[in-house]
Student: 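This structure is in structure tokens; I'll ask about it shortly.
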Number of protein chains: 2
Amino acid sequence: MLFSTATGYALRALAALPEDGTYCLAKDLSSRLGLPGPYLAKILQGLVQADILASVRGPKGGFRLTRPAHRITVGEVVTAMEGPDAMDGCVMGFPACSGEHPCPLHDAWSAVKSQVSTSMTEATIRDLQLLDIRHKKEAKDRAPNSAQA
Amino acid sequence: MLFSTATGYALRALAALPEDGTYCLAKDLSSRLGLPGPYLAKILQGLVQADILASVRGPKGGFRLTRPAHRITVGEVVTAMEGPDAMDGCVMGFPACSGEHPCPLHDAWSAVKSQVSTSMTEATIRDLQLLDIRHKKEAKDRAPNSAQA
DNA sequence: GGCTATTCGGACTTTTAAATCCTTAATAGT
DNA sequence: ACTATTAAGGATTTAAAAGTCCGAATAGCC
């Protein structure tokens with residue numbers, strides 16, 4: 001993967017939150033997604049500090065998005081998780097590599113970076129929700145009787 | 001960086017080896033490149049097992065390429081270091097992401113992957129040597145008197 | 001032919017990321 | 001006010017990467 005596992009978990013969790021402003025429990029998210037519970041909880045805390053999630057404690061509490069899902073970009077989440085210069089530097093780690101002294105992968109990688117950056121600023125959490133829904137729907141279509149065999 | 005630091009070190013070390021079949025000391029390489037000596041040595045060992053380097057122990061020993069530099073591709077080195085499926089899987093770590101259920105970055109990332117893969121199988125260690133030489137030459141041109149001020 | 005210096009090879013330690021646990025604080029319902 | 005519930009935050013553990021150290025092998029010398 002291009003990013004850390006924590007970033008992947010963050011994106012999956014955000015995509016799994018309900019679209020109405022309902023508060024959702026960390027525990028529910030982790031069990032639904034099959035992710036390590038306490039670890040996910042910590043990641044969610046980070047997203048609260050990044051103003052992507054809001055949280056309330058106590059009964060009926062939980063986490064929810066601070067904005068509608070289509071207003072939160074994937075890039076924003078990645079930046080919050082990985083820091084602003086996650087994709088800087090040479091692909092191969094060549095210190096000498098630069099625009100003036102490009103390594104053999106420099107141009108390909110630059111193209112890649114701008115392409116991925118653009119996609120990340122265009123893609124939103126809403127798009128990830130759609131992926132998830134589509135996936136589940138088709139699984140259901142494949143086996144319409146919920147009982148096995 | 002897209003790969004581990006070890007992979008970067010491996011590529012830098014290979015590019016720094018002499019083109020004639022002369023054996024070269026791990027220690028020399030590390031001091032020349034400013035890399036942690038024993039760690040580089042371990043990486044070189046791995047490259048020996050991958051049949052990219054040959055080594056002999058004892059005085060006058062060291063490491064050398066098993067083939068001319070233009071016959072060793074960057075991709076081969078990366079595979080040796082990172083394993084064959086270093087670039088598999090979804091960019092964001094979405095398990096549901098696939099060709100049929102693409103995540104919003106799927107196409108951009110697929111394009112990237114094939115682009116980088118192609119570049120990696122075309123680029124050879126020889127190309128990295130050239131980068132290095134060019135870099136040094138220009139540094140020399142900037143300061144023709146080797147003494148500082 | 002054995003001795004010694006040199007250099008690789010593999011086991012060992014340190015650091016960092018990933019994941020867990022536990023205590024504290026806040027809130028809703030009783 | 002009290003209790004149950006849930007996030008917040010720190011302390012701890014585990015796993016993996018990064019980095020270090022000691023023993024095996026070879027060449028040259030006496």
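As the structure is a prediction and not an experimental result, all values here were calculated from the model. Each chain gets a letter, A, B and so on, in the order the sequences are listed, and its residues count up from 1.
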Student: Base, sugar-phosphate, or nothing for A:L44, non-hydrogen atoms under 4.0 angstrom?
Tutor: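 No contact at all - A:L44 keeps every heavy atom at 4.0 Å or more from the nucleic acid.
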Student: Decide yes or no for B:Q129 and B:T124: does some side-chain heavy atom of the first lie under 4.5 Å from some side-chain heavy atom of the second?
Tutor: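 B:Q129 vs B:T124: side chains apart.
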Student: In whole Å, I'd like the distance from the CG atom of A:L40 to the P atom of C:dC21.
Tutor: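 Rounded to whole Å, this separation is 15 Å.
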Student: For B:G62, answer base if it contacts any base atom (sugar-phosphate contacts may also be present), sugar-phosphate if it contacts only those atoms, and nothing otherwise; contact means non-hydrogen atoms under 4.0 Å.
Tutor: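 Answer is sugar-phosphate: B:G62 comes under 4.0 Å of backbone atoms only.
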Student: Give every pair of a protein N or O atom and an N or O atom of nucleotides 15-19 of chain C that lie under 3.5 Å apart, one pair per line with the distance.
Tutor:
residue : atom : partner : partner atom : Å
C:dA19  : OP1  : A:Y9    : OH           : 3.4
C:dA19  : N6   : A:K42   : NZ           : 3.3

Student: Taking 5' to 3' order, which nucleotide of DNA chain D is first and which is last to have an atom within less than 4.0 Å of a heavy atom in chain A?
Tutor: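 The contacted stretch runs from D:dA4 to D:dA11.
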Student: Has the side chain of A:S119 got a donor or acceptor atom that lies under 3.5 Å from a matching backbone atom of A:Q115?
Tutor: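 Judged by distance alone, yes, a pair lies under 3.5 Å.
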Student: Using atom types as modelled and distance alone, determine if a side-chain donor or acceptor of A:T66 lies under 3.5 Å from a backbone N or O of A:D51.
Tutor: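 Yes, A:T66 side chain to A:D51 backbone: donor-acceptor pair under 3.5 Å.
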Student: For B:H106 versus B:C97, what's the shortest heavy-atom pair and its separation?
Tutor: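 Between these two residues, the closest heavy atoms are ND1-SG, 3.0 Å.
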Student: Whole Å only: how far is the OH atom of A:Y23 from the P atom of C:dA26?
Tutor: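 The distance from OH of A:Y23 to P of C:dA26 comes to 16 Å, rounded to the nearest Å.
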Student: With a non-hydrogen cut-off below 4.0 angstrom, is B:A26 in contact with a base, only sugar-phosphate, or nothing?
Tutor: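 Sugar-phosphate: the residue B:A26, judged by heavy atoms under 4.0 Å, touches backbone atoms but no base.
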Student: Can you confirm whether A:I43 sits close enough to A:M81 that some side-chain heavy atom of one is under 4.5 Å from a side-chain heavy atom of the other?
Tutor: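 The answer is yes; the side chains approach within 4.5 Å.
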Student: Please say which of B:L65, B:T22, B:L44 ends up in a side-chain contact (heavy atoms from CB on, under 4.5 Å) with B:L17.
Tutor: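 The single option meeting the side-chain contact (heavy atoms from CB on, under 4.5 Å) with B:L17 is B:L65.
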Student: Separation of B:Q45 atom CD from C:dT7 atom P, in whole Å?
Tutor: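 Going from B:Q45 (CD) to C:dT7 (P), I get 16 Å.
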